[in-house]
Protein chains: 2
Amino acid sequence: MDRENRVSITVIRRLPKYYRYLGELLKKGINRISSQELSKLTGFTASQIRQDLNNFGGFGQQGYGYNVEELRNQLGKILGLDRTYKTIIAGAGNLGQAVANYRGFEEAGFKILAMFDKNPKLIGLKIRDIEIKDVDEMENFIRENNIDIGIITTPKESAQDVADIFMRSGIRGIWNFAPADLKVDDKVIIENVHLNESLFTLSYFLKNESDYVRD
Amino acid sequence: MDRENRVSITVIRRLPKYYRYLGELLKKGINRISSQELSKLTGFTASQIRQDLNNFGGFGQQGYGYNVEELRNQLGKILGLDRTYKTIIAGAGNLGQAVANYRGFEEAGFKILAMFDKNPKLIGLKIRDIEIKDVDEMENFIRENNIDIGIITTPKESAQDVADIFMRSGIRGIWNFAPADLKVDDKVIIENVHLNESLFTLSYFLKNESDYVRD
């Protein structure tokens, strides 16, 4: 995709939602769907859905709609889900364990190879079949196993140190749960899950209006 | 705020970030900041920051900038953080425990009064001082304690049932971590944390471009 032809981040953030809904339709044995029906499911307007998908070449046929399996496969490719990713988790507390325990990530191709912590009580334990190792071994482990994605579930105070280790050992993607904005090289992709910000958005709407139409 | 004069959700989602940065500045003893300096910190442009804040009346003074403490207090009020909220957590697995253990929520005024689960091995345990109770007691507990916000950290399969209990017992806000789009009454505010969607956004950028400028 060239710079002139970039798809907005807002559109990109809707793609995983389409992908999830299409997966649910497939499970129900539904093979064909119109943008109107997709609209009812997703809450986006039919014209927005058509516009979103047209960014990637459009996949529907006039009068037929979308082939659910084909559209899902195409979206999966666009989202980079047509391959597997080797990941590790830094921070083996509750949040790290919750991420390690969530089967959905592995099903989608994100394999967790190890977890790391500095707490001696945690080192050596296993979450499912994933071992918690000493954080001192992390840098070597990343290099030796060509880890693609590093997940940060440490407290805020350790997050930048972890990100620095990730960067110098060649990790290209960081999924950060720590409530901090980390400084990373331009070539590293970082995706933040800032839970406080999500919670405060909820309290904003609770305070300000209960009939706000969200987008 | 009337319907004609609504602030876009994109702006609202930036407010918690400003709020967090201002809190960090205050801790460092910085009492005054220009939109240019805020821009360097947050990564948003100075004109965007001024525009965002002007939606709520603007708080800066030409040639002076913003008073950090005052701006933070005002944003806190706008975000509904000038009061406390009574919350409960449904689902006391790793994710529920991670949320319960996170001190930041309580500091911001979100008090967790109880957790609920159906697993007999968990019922009766405590996370910090928060008791895990039988989910059968949840509906009464919500009514008796006037719970404001219900947090869903159950598996996907139980999430709608939990949301239904929340709604009929009078909860106004739902913070949902289950990978499902829940059907709720119009008067209930729901804020989703869809981790899969965040992860797939990361893989999209890993696949498509590493120099994409995010917004």
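Each chain gets a letter, A, B and so on, in the order its sequence line appears, and its residues count up from 1. Here the structure is a predicted model, which is why all the values come from computation and not from measurement.
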After noting the C-alpha distance and the side-chain angles of L81(B) and Y204(A), does the key distance pass the side-chain contact (heavy atoms from CB on, under 4.5 Å) rule?
-> CA-CA 8 Å; L81(B) 301 176; Y204(A) 172 89; over 6 Å; no
Stepwise side-chain contact (heavy atoms from CB on, under 4.5 Å) check, Q97(A) with Q97(B) | CA-CA 10 Å; Q97(A) 293 187 24; Q97(B) 292 186 25; over 6 Å; no
Apply side-chain contact (heavy atoms from CB on, under 4.5 Å) to the pair N196(A) and Y102(B), showing each step before the final yes or no.
-> CA-CA 10 Å; N196(A) 249 336; Y102(B) 186 68; 3.7 Å; yes
Full working for side-chain contact (heavy atoms from CB on, under 4.5 Å) between Y85(B) and L202(A) | CA-CA 11 Å; Y85(B) 295 88; L202(A) 178 61; over 6 Å; no
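Between the side chain of S203(B) and the backbone N or O of L79(A), at least one donor-acceptor pair lies under 3.5 Å. Listed for the K207(A) side chain is a donor-acceptor partner under 3.5 Å among the backbone atoms of K77(B). In terms of modelled atom types and a separation under 3.5 Å, the side chain of N208(B) and the main chain of I78(A) share a donor-acceptor contact.
Residue R83(A) does not touch chain B at all, counting heavy-atom pairs closer than 4.5 Å. Only the side chain of R20(B) has a heavy atom closer than 4.5 Å to any heavy atom of chain A. Contacts of N101(A) with chain B are made by side-chain atoms alone, with heavy-atom separations under 4.5 Å and no backbone atom involved.
Here P179(A) is the residue among A100(A), A108(A), G104(A), P179(A) with the most heavy-atom pairs under 4.5 Å with chain B. Per-residue counts of heavy-atom pairs under 4.5 Å with chain B were compared for L95(A), L199(A), I127(A), V193(A); the largest is that of L199(A). When G43(B), G80(B), G76(B), G93(B) are compared by the number of non-hydrogen pairs under 4.5 Å with chain A, G80(B) comes out ahead.
Taking the six-membered ring for Trp and thresholds of 30 and 60 degrees, F200(B) and Y19(A) have ring planes more than 60 degrees apart, a perpendicular arrangement.
Within 6.0 Å of CD in Q48(A) there are more than 12 heavy atoms belonging to other residues, nucleotides or ligands. Within a 6.0 Å radius of CD in Q51(B), other residues, nucleotides and ligands contribute 12 heavy atoms or fewer.
Identified by a heavy-atom distance below 4.5 Å to chain A, the contributing residues of residues 149-165 of chain B are I149(B), K156(B), in residue-number order.
S198(B) and E191(A) share a side-chain donor-acceptor pair at under 3.5 Å. For the residue pair Y21(B)/D181(A), the side-chain donor-acceptor check at 3.5 Å is satisfied.
Salt bridge absent: R13(B) and E197(A) never bring a charged side-chain N and a carboxylate O closer than 4.0 Å.
Residues W175(A) and L195(B) come closest through the heavy atom pair CZ2-O, 3.2 Å.
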